[in-house]
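A short worksheet on the structure shown next.
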Amino acid sequence: RRVFFDNCPNGMPTDEVTLAEMLRESGYATMCVGKWHLGHRPEYLPNNQGFDRYFGIPYSNDMDVSKPRPPYHEFARTSWNNSTDPSLYNVPLIRSDGPMEYEIVERPVAQATLTKRLTDEAVGFIRRNATEPFFLYLAHPQPHIPLFASPSFQGDSRRGLYGDVLKELDASVASILDQLKASGIDNNTLVIFTSDNGPWSTFSYHGGSQGPLNGSKGTSWEGGFRVPAIFRMPGKIPAGTTIRDMGCGLDLLPTIATLTGATLPADRVIDGVDLSRTLLHGEPSARKQFVFYNGRDVWAARQGPWKLHLKTARPKGPMTHDPPILFQLDVDPSERYNINGHAAKAMKALPALIETHLQTMQPGPDLMKAVDESARIQ
């Protein structure tokens with residue numbers, strides 16, 4: 001298991017330091033809205049991970065099913081991919097305003113109106129906290145399968161239901177930006193828009209598109225990892241600038257610490273790098289390399305434009321490459337042309353990078369191994 005399921009008794013260890021915990025120490029009001037998915041038991045919910053308030057669903061919107069379902073490779077060809085049937089799921093909508101406290105507001109959550117309600121909750125939080133520092137983490141469950149859109153957006157896009165969902169998410173972002181302007185804090189608020197993985201090709205046209213990139217969710221190809229990232233702060237971050245250097249989600253913690261003056265935890269290794277000077281001044285990114293995992297195994301590594309694959313995904317299971325395959329992403333972002341015989345320095349440097357990286361890693365507990373039906377939210 002790669003993620004926490006609705007019958008996992010565990011969650012993200014509470015001794016980890018989240019963005020919310022770091023910012024709350026600096027006097028920020030904090031709220032999590034939307035999908036959490038880091039443990040659904042009370043001791044793992046957002047209110048025990050640095051958030052003052054929480055409103056959302058505790059795991060993916062395709063979990064906690066009401067009856068046995070087919071394997072995912074058959075999923076898209078069955079009624080389970082019929083997003084007009086919410087009765088297939090029993091996902092709860094939770095509100096929590098204090099540690100170890102939560103209320104199930106609705107079960108199963110009415111997914112067709114969830115995007116709108118999460119947006120309203122986020123806008124209300126901004127309005128109430130506009131005169132003090134605040135951190136809002138808004139994680140919309142859409143466009144994860146199953147797809148749902150509010151009635152006013154259904155049938156509104158030429159792209160079908162997936163397009164309807166994206167148009168509603170676009171409207172959600174507009175509502176949040178409008179509230180920042182109405183509250184007079186537009187120029188003093190950093191807005192970050194990004195995603196956690198590429199499209200889910202198992203679900204065909206309901207799963208999105210990776211464009212010219214190779215691979216999709218669940219692979220180490222660029223189509224599985226490379227996602228949009230938009231940073232907006234008028235007057236601080238130059239508008240219309242495209243940064244083609246490398247960055248990743250790990251870099252948000254140290255970057256936000258610098259931008260806000262918050263203090264990073266000093267008792268642990270911080271894997272992220274500070275991107276603040278890249279955002280504010282256009283300097284080259286401090287992120288020069290990245291190691292790609294599938295589960296606990298290293299499948300690929302990147303250094304600058306060079307990316308080496310040890311293993312790649314295929315429908316029947318992983319393929320091991322011996323020798324590894326190499327791509328130059330600045331001229332071949334689609335990873336079509338293996339040049340392992342034409343770049344001797346990269347073929348030497350990248351395996352060494354992986355070996356050095358592995359020497360710094362210590363295996364932790366398998367938090368997602370255990371399953372327990374009694375661990376479900378009742």
Side-chain angles (χ1 to χ4, degrees), residues 12-38 46-54 56 118 122-123 125-126 128-140 172-173 176-177 179-181 183 185-197 225-239 241-243 245-290:
M12 182 176 69
T14 55
D15 60 356
E16 293 290 350
V17 179
T18 67
L19 265 170
E21 287 171 314
M22 181 184 74
L23 292 174
R24 191 162 66 176
E25 286 292 317
S26 295
Y28 280 67
T30 59
M31 184 171 188
C32 174
V33 177
K35 176 181 171 182
W36 174 239
H37 210 185
L38 291 171
N47 296 80
N48 282 313
Q49 302 281 15
F51 290 96
D52 301 323
R53 305 184 65 194
Y54 169 54
L118 296 178
V123 167
F125 175 77
I126 295 171
R128 293 189 302 272
N129 293 276
T131 60
E132 61 179 325
F134 67 82
F135 170 56
L136 168 67
Y137 173 58
L138 171 58
H140 278 298
S172 171
V173 174
I176 290 168
L177 297 181
Q179 184 58 53
L180 293 175
K181 293 177 183 177
S183 297
I185 56 174
D186 183 45
N187 291 334
N188 197 35
T189 304
L190 171 65
V191 178
I192 303 172
F193 179 92
T194 189
S195 184
D196 58 347
N197 52 250
F225 272 79
R226 189 183 294 205
V227 296
I230 301 172
F231 293 77
R232 180 186 186 274
M233 195 174 186
K236 308 292 192 308
I237 297 177
T241 302
T242 299
I243 298 171
D245 288 350
M246 203 186 326
C248 75
L250 295 171
D251 303 332
L252 292 179
L253 181 71
T255 301
I256 291 174
T258 297
L259 294 174
T260 61
T263 302
L264 279 173
D267 61 344
R268 64 198 66 209
V269 174
I270 302 297
D271 293 312
V273 301
D274 181 5
L275 300 178
S276 61
R277 297 195 64 82
T278 302
L279 295 174
L280 299 178
H281 307 295
E283 295 184 5
S285 171
R287 166 71 58 188
K288 304 300 182 184
Q289 57 194 37
F290 188 76

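Atoms CZ and CG, on Phe135 and Leu19 in that order, are 4.5 Å from each other to the nearest 0.5 Å. Taking CD1 of Ile192 as the start and CG of Leu138 as the end, the distance is 12.5 Å to the nearest 0.5 Å. Once rounded to the nearest 0.5 Å, the distance linking OG1 of Thr14 with CD of Glu16 reads 9.5 Å. Note that CG of Leu279 is 5.5 Å distant from CD1 of Ile243, once rounded to the nearest 0.5 Å. Taken to the nearest 0.5 Å, the CG atom of Leu136 stands 13.0 Å off from the OH atom of Tyr28. Rounded to the nearest 0.5 Å, atoms CG (Leu190) and OG1 (Thr260) are 9.5 Å apart.
For the salt bridge (charged side-chain N to carboxylate O under 4.0 Å, His left out) test, no residue two or more places apart in sequence or in another chain qualifies with Asp274. For Glu25, there are no side-chain hydrogen bond (donor to acceptor under 3.5 Å, both in side chains) partners two or more places apart in sequence or in a different chain. Judged as a salt bridge (charged side-chain N to carboxylate O under 4.0 Å, His left out), and not counting sequence neighbours, Arg128 has no contacts.
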Does the pair Phe125 and Val33 meet the rule for a side chain to side chain contact (heavy atoms under 4.5 Å, CB included), with working shown?
CA-CA 10 Å; Phe125 175 77; Val33 177; 5.8 Å; no
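Looking at Pro265 and Ile270, their side chains come closer than 4.5 Å, going by heavy atoms from C-beta outward.
By the 6.0 Å contact criterion, CZ on Phe134 is enclosed, its count of non-hydrogen atoms from other residues, nucleotides or ligands being greater than 12.
Of all heavy-atom pairs spanning Pro46 and Trp36, the tightest one is CG-CD2, 3.4 Å. Taking both residues in full, the closest heavy atoms of Leu264 and Ala257 are given as CG-CB, 3.8 Å, listed atom of the first, atom of the second, then distance. Minimum heavy-atom separation, Met12 to Gln49: O-NE2, 3.0 Å. The shortest non-hydrogen separation linking Thr278 to Ala286 is OG1-N, 4.4 Å. Closest approach of Phe290 to Cys248, counting heavy atoms only: CE1-SG, 3.9 Å. Taking all atoms of both residues into account, the shortest heavy-atom contact from Leu23 to Ala262 is CD2-CB, 4.1 Å.
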Side-chain donor-acceptor pairs of residues 225-239 under 3.5 Å, sequence neighbours excluded:
unit_1 : atom_1 : unit_2 : atom_2 : d
Arg226 : NE     : Glu222 : OE1    : 2.8
Arg226 : NH2    : Glu222 : OE1    : 2.8
Arg232 : NH1    : Asp186 : OD1    : 2.7
Arg232 : NH2    : Asp186 : OD1    : 3.4
Lys236 : NZ     : Asn187 : O      : 3.3

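No side-chain donor-acceptor contact under 3.5 Å links Gln179 to the backbone of Ile176. With hydrogens and angles ignored, the 3.5 Å screen pairs a side-chain donor or acceptor of Thr30 with a backbone N or O of Asp52.
Judged as a side chain to side chain donor-acceptor pair (under 3.5 Å), not a single pair has a partner in residues 261-270 (not counting sequence neighbours). Residue pairs meeting the salt bridge (Lys or Arg N to Asp or Glu O under 4.0 Å) criterion with at least one partner in residues 247-256, sequence neighbours excluded, are Asp251-Arg287.
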